Amino acid sequence: TVKTLVKLLRSPACNNKMPMIIRKKKEIRLLFEKDLYLARITPIFCVSAVKGDNVDKLNYFLSQLHPRTPWEHRKHEYVVEEKLDTITEQKPENENEHGNENGNTDAENKISENAKQTEKATEKEQLPMDHPHPAHSHPHHHSHHHPHHHDLKPGDDNYGELEIDETFAVRGVGIVVSGTVTGGRIYANQKLYLGPFTDCSFKEILVRSVHMKRCVVEDARAGESCSVSFRFVKRKEVVDRIMIRKGMVAVSDERHKPKPVWGFTATILVLHHPTTINEGYQPVVHCGNIRQTATIMKMSKHRLRSGDSALIDMRFLGHPEFLHCGRALIIREGSTKCIGKVVQLYPDYDVGLSDFSALEKKYLNRTFEVQAKQDGSGTATMIFDEQQPIV
């Protein structure tokens with residue numbers, strides 16, 4: 001089995017990966033020193049569930065992995081037909097400004113992170129186990145901080161985003177929704193916008209309580225799963241539990257109200273398809289909790305076969321959804337399987353909004369193909385640059 005796995009990883013179907021059998025913990029450290037995001041090297045663990053061999057090494061490897069999902073999304077990511085020219089003109093200036101700010105604050109961020117870690121360690125030693133945590137230290141108690149998680153800014157304390165997985169009807173409580181917090185934090189007495197419904201609207205709700213692992217908590221931070229009981233602010237907007245479906249979100253965005261999205265542009269890689277993919281093809285799109293049929297309206301190539309990568313425009317068939325740029329998606333239909341990433345959003349889709357020539361230079365990375373040809377290892381198919389941040 002190890003020989004067949006090594007042969008499969010070295011094949012062009014897996015982008016000519018380099019397999020590495022892990023036997024010691026030192027090899028795991030060397031692995032992350034050589035390839036931090038595992039773009040080239042693929043580790044192999046020979047684990048026994050009966051004897052427990054190498055289970056500790058696998059747990060250590062999982063603890064050292066860096067999260068690919070940032071729990072903070074951009075506010076300005078929609079493309080409207082009237083503002084398309086202004087957005088493209090302002091992009092270079094904004095990028096330069098952000099680059100200067102990041103360059104000046106890299107050293108300060110490292111110092112602040114080290115200071116926060118030492119403060120947390122001293123607080124844990126000073127506070128006894130039976131003593132309740134004070135109000136100001138509560139966020140440190142409930143949130144599992146990671147160096148790659150973005151901390152909340154003072155001006156964004158009210159921001160929160162919850163992706164809904166399931167809905168429940170509890171006697172004496174009302175409608176309860178459960179899901180994962182994908183941005184900010186969710187707390188009691190917080191105003192959220194629930195949607196999008198079939199009529200493209202968002203209903204304003206008020207959070208009554210937040211539960212995690214069947215216990216009442218003050219708030220739930222990004223990356224944590226929770227259940228929320230709420231009530232509708234306006235009586236006219238009260239809806240039944242059946243109308244709240246999986247894939248909806250509850251967002252608190254006071255500056256910019258959430259917008260439902262009808263269409264989007266994505267970079268895709270066709271893993272398998274029996275024939276060819278043309279415009280007008282209608283597969284099922286899975287993006288987070290969203291699952292809906294969408295139509296391919298436009299492609300950067302005339303036809304797509306297994307192993308091809310391209311930019312495509314898709315439009316939802318039934319109702320709009322709430323999306324973010326940079327979200328990973330899976331496209332499937334029967335035996336067809338494609339993976340990709342959302343790069344642009346369109347609240348009102350039109351074929352003339354997307355500019356594939358500019359997007360291809362920005363998101364499609366061809367350097368790996370050039371390196372593979374020079375090394376003589378064949379062609380490598382990359383749909384987007386793994387070294388760039390997702391958002």
Side-chain angles (χ1 to χ4, degrees), residues 69 71-73 120 123-124 127 129-146 149-197 201-258 260 288-290 321-322 324:
T69 306
W71 300 109
E72 188 178 32
H73 300 291
K120 290 176 187 175
E123 285 177 3
K124 288 180 181 178
L127 290 174
M129 296 297 293
D130 297 332
H131 191 274
H133 290 269
H136 66 274
S137 65
H138 184 271
H140 298 283
H141 175 68
H142 286 288
S143 61
H144 304 283
H145 284 276
H146 196 277
H149 287 190
H150 299 273
D151 293 334
L152 290 176
K153 298 178 182 179
D156 297 336
D157 287 342
N158 297 326
Y159 180 73
E161 181 180 329
L162 175 68
E163 283 190 356
I164 297 174
D165 288 327
E166 295 183 60
T167 61
F168 307 94
V170 183
R171 289 185 180 180
V173 178
I175 302 176
V176 176
V177 296
S178 66
T180 306
V181 184
T182 56
R185 66 189 184 104
I186 304 296
Y187 56 91
N189 298 323
Q190 182 184 21
K191 286 186 178 181
L192 302 175
Y193 294 94
L194 178 64
F197 290 89
S201 64
F202 281 81
K203 314 290 184 184
E204 190 175 358
I205 61 174
L206 186 67
V207 177
R208 288 178 174 174
S209 62
V210 182
H211 285 67
M212 289 176 59
K213 298 180 180 179
R214 299 184 179 181
C215 297
V216 182
V217 295
E218 291 186 6
D219 63 353
R221 292 289 178 122
E224 299 175 342
S225 298
C226 66
S227 58
V228 175
S229 63
F230 64 91
R231 67 174 180 87
F232 289 94
V233 176
K234 299 178 182 179
R235 293 183 178 179
K236 296 181 181 179
E237 295 183 348
V238 177
V239 296
D240 296 332
R241 184 174 71 92
I242 304 173
M243 298 183 67
I244 303 174
R245 67 182 185 279
K246 181 179 180 179
M248 282 187 172
V249 292
V251 189
S252 67
D253 205 348
E254 298 177 356
R255 300 176 184 175
H256 309 278
K257 290 186 177 181
N289 295 337
I290 297 171
E321 299 286 359
F322 185 79
H324 282 293

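In this text, all values refer to a predicted model and were calculated from it rather than measured experimentally.
Using a 4.0 Å cut-off between a side-chain N of Lys or Arg and a carboxylate O of Asp or Glu, R245 and E321 qualify as a salt bridge.
D165 is listed as a side-chain neighbour of T180, based on a closest heavy-atom distance under 4.5 Å. Counting only heavy atoms from C-beta outward, the side chains of I164 and I244 approach each other to under 4.5 Å. P196 is listed as a side-chain neighbour of F202, based on a closest heavy-atom distance under 4.5 Å.
The backbone N or O of K246 sits nowhere less than 3.5 Å from a side-chain atom of N289 that would complete a donor-acceptor pair.
Remark: V173 pairs with V170, V176, S229 by the side-chain contact (heavy atoms from CB on, under 4.5 Å) rule, at least two apart or across chains.
Counting only residues at least two apart or in different chains, ring pair (Phe, Tyr, Trp, His ring centres under 6.0 Å) contacts with residues 160-180 are absent.
The two atoms that bring R185 and D219 nearest to each other are NH1-OD2, 3.3 Å, heavy atoms only.
No donor-acceptor contact under 3.5 angstrom links the side chains of E163 and T182, judged on distance only.
With rounding to the nearest 0.5 angstrom, the OH atom of Y187 is 13.5 Å from the SG atom of C226. The CZ atom of F230 sits 5.0 Å away from the CD1 atom of I175 when rounded to the nearest 0.5 Å.
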Considering only distance and modelled atom types, tabulate donor-acceptor pairs under 3.5 Å from the side chains of residues 231-241, sequence neighbours left out.
unit_1	atom_1	unit_2	atom_2	d
E237	OE1	E204	N	3.3
R241	NH1	T167	O	3.0
R241	NH1	T167	OG1	3.2

